[in-house]
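Reviewing the structure listed below.
Please read all numbers here as calculations on a predicted model, not as lab measurements.
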Amino acid sequence: MTHADAPSPTLEQPRAGEPSSPPRCTLVVTAHAGDFVWRAGGAIALAASRGEKVTIACLTFGERGESVMAWREGRKLDEIKAIRRDEAERAAATLGAEVRFFDAGDYPLVATAELTDRLVAVYRDTQPDVVLTHPTEDPYNGDHPAANRMALEARVLAQAIGYPGEGEIIGAPPVFYFEPHQPEMSGFKPEVLLDITEVWETKRKAMECLGAQQHLWDYYTDLAVRRGVQLKRNAGPNLGLAHKTMAEAYMRPYPQIAKELA
């Protein structure tokens, strides 16, 4: 690299001797082993591509309720857990994220004081700048709202200086709800449309790690196309233009903080 090519100092590139800022962190709290891939794989891959840290708190393997093929093949519970764990680890690695398994048991996923403590510890350890999790409603899968409640409760408790546990307290990271499988029945509105075009192939490869739910590969590909069309339609005049944008949809439960409207 020549002197002319050398990058000038920026906020991300501190001068010699100055302490460097830790990379931004995204925390994903997900009920089952596949949820983070279908619903937030693009957001995870985008963050990782920017050099940010992404940690996935996977509460269950989806071993009882989301592993139909394995059960029909006569697999045992421990074997199914191992299969789903392997799939989730490979998918997370493809996206560029770290995944931590809680093995809390699905169908139903039940909140406990111990589970809450473990989630608080993850919040304090990762110090997230952004949190992604399930929305509050899903009449087809009670594990998803349960994960939402635990994610929000742990976020609040991790801010409380008097709450017992190791690690520094956190701030108040913004929360985004990713899209449920049946949005119309779950009160979901696509308030935020995230352009994931540049990492779509990465997300698709991560989806293909989930052989236990192969029937969802095409569904979530089609959904990314539809959300991409909505993104383009809301980004400016483009009627009649070809649409190749892929996108994910999110909701925001808390107000956006800004100094200007955009």
Side-chain angles (χ1 to χ4, degrees), residues 26-41 44-45 48 53-126 131-135 138-154 165-166 178 180-182 202-220:
T26 295
L27 175 61
V28 185
V29 181
T30 177
H32 309 113
D35 295 335
F36 70 90
V37 184
W38 314 121
R39 281 75 182 248
I44 293 169
K53 181 180 179 181
V54 183
T55 301
I56 301 161
C58 187
L59 301 182
T60 84
F61 298 111
E63 64 271 16
R64 296 185 184 278
E66 300 194 348
S67 304
V68 176
M69 291 174 56
W71 284 106
R72 288 179 174 170
E73 290 171 358
R75 310 272 189 172
K76 302 301 182 182
L77 180 61
D78 287 345
E79 187 179 6
I80 294 172
K81 285 185 179 183
I83 291 170
R84 297 312 308 273
R85 181 186 186 116
D86 175 69
E87 290 182 350
E89 287 178 336
R90 287 188 289 110
T94 299
L95 296 172
E98 171 202 9
V99 58
R100 303 185 188 184
F101 298 102
F102 284 60
D103 193 13
D106 69 327
Y107 278 62
L109 170 60
V110 179
T112 64
E114 178 187 9
L115 190 54
T116 299
D117 282 344
R118 291 174 64 189
L119 264 179
V120 169
V122 172
Y123 270 95
R124 289 183 173 177
D125 177 49
T126 59
V131 176
L132 310 180
T133 193
H134 299 269
D138 190 336
Y140 298 96
N141 194 320
D143 289 358
H144 296 160
N148 166 279
R149 291 190 296 272
M150 284 185 276
L152 297 190
E153 180 181 18
E166 298 181 357
F178 41 67
H181 190 65
Q182 303 223 31
T202 301
K203 177 174 179 175
R204 176 70 194 201
K205 289 177 182 177
M207 288 164 53
E208 292 175 0
C209 292
L210 304 178
Q213 294 177 287
Q214 186 172 345
H215 61 286
L216 295 178
W217 295 359
D218 288 344
Y219 176 89
Y220 280 99

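Looking at E89, its side chain never comes within 3.5 Å of a backbone N or O of V99 through a donor-acceptor pair. Between the side chain of D138 and the backbone N or O of P145, no donor-acceptor pair lies under 3.5 Å. Not one N or O on the side chain of T116 forms a donor-acceptor pair closer than 3.5 Å with the backbone of A111. Within the 3.5 Å criterion, the main-chain N or O of G34 finds no donor-acceptor partner in the side chain of E66. No side-chain donor-acceptor contact under 3.5 Å links H144 to the backbone of P180. Side-chain atoms of T202 do not come within 3.5 Å of backbone N or O of L95 as any donor-acceptor pair.
Scanning both residues, D35 and T30, for their nearest heavy atoms gives CB-OG1, 2.9 Å. T94 approaches C209 most closely through the heavy-atom pair OG1-SG, 3.9 Å. For the pair A151 and L119, the tightest heavy-atom approach, listed with the atom from each and the gap, is N-CD1, 4.3 Å. The shortest non-hydrogen separation linking V29 to A147 is CG1-O, 4.3 Å. Heavy atoms only, all atoms of each residue included: L210 and W217 are closest at O-NE1, 3.4 Å. Between F61 and A33, the shortest heavy-atom contact is O-CB, 3.5 Å.
A distance of 5.0 Å separates CG of L216 from CH2 of W38, quoted to the nearest 0.5 Å. Between the CZ atom of F101 and the OG1 atom of T60 there is a distance of 10.5 Å, given to the nearest 0.5 Å. Rounding to the nearest 0.5 angstrom, the gap separating the CG atom in L59 from the CG atom in D143 is 9.0 Å.
Checked for salt-bridge contact, E208 and K205 miss the test: no charged N lies under 4.0 Å from a carboxylate O.
In this structure, Y220 and H181 have tilted ring planes: the angle between them lies in the 30° to 60° band.
Identified under the side-chain hydrogen bond (donor to acceptor under 3.5 Å, both in side chains) test for residues 100-113, with sequence neighbours left out: K81-D103, E98-R100, R100-D125, Y107-N141.
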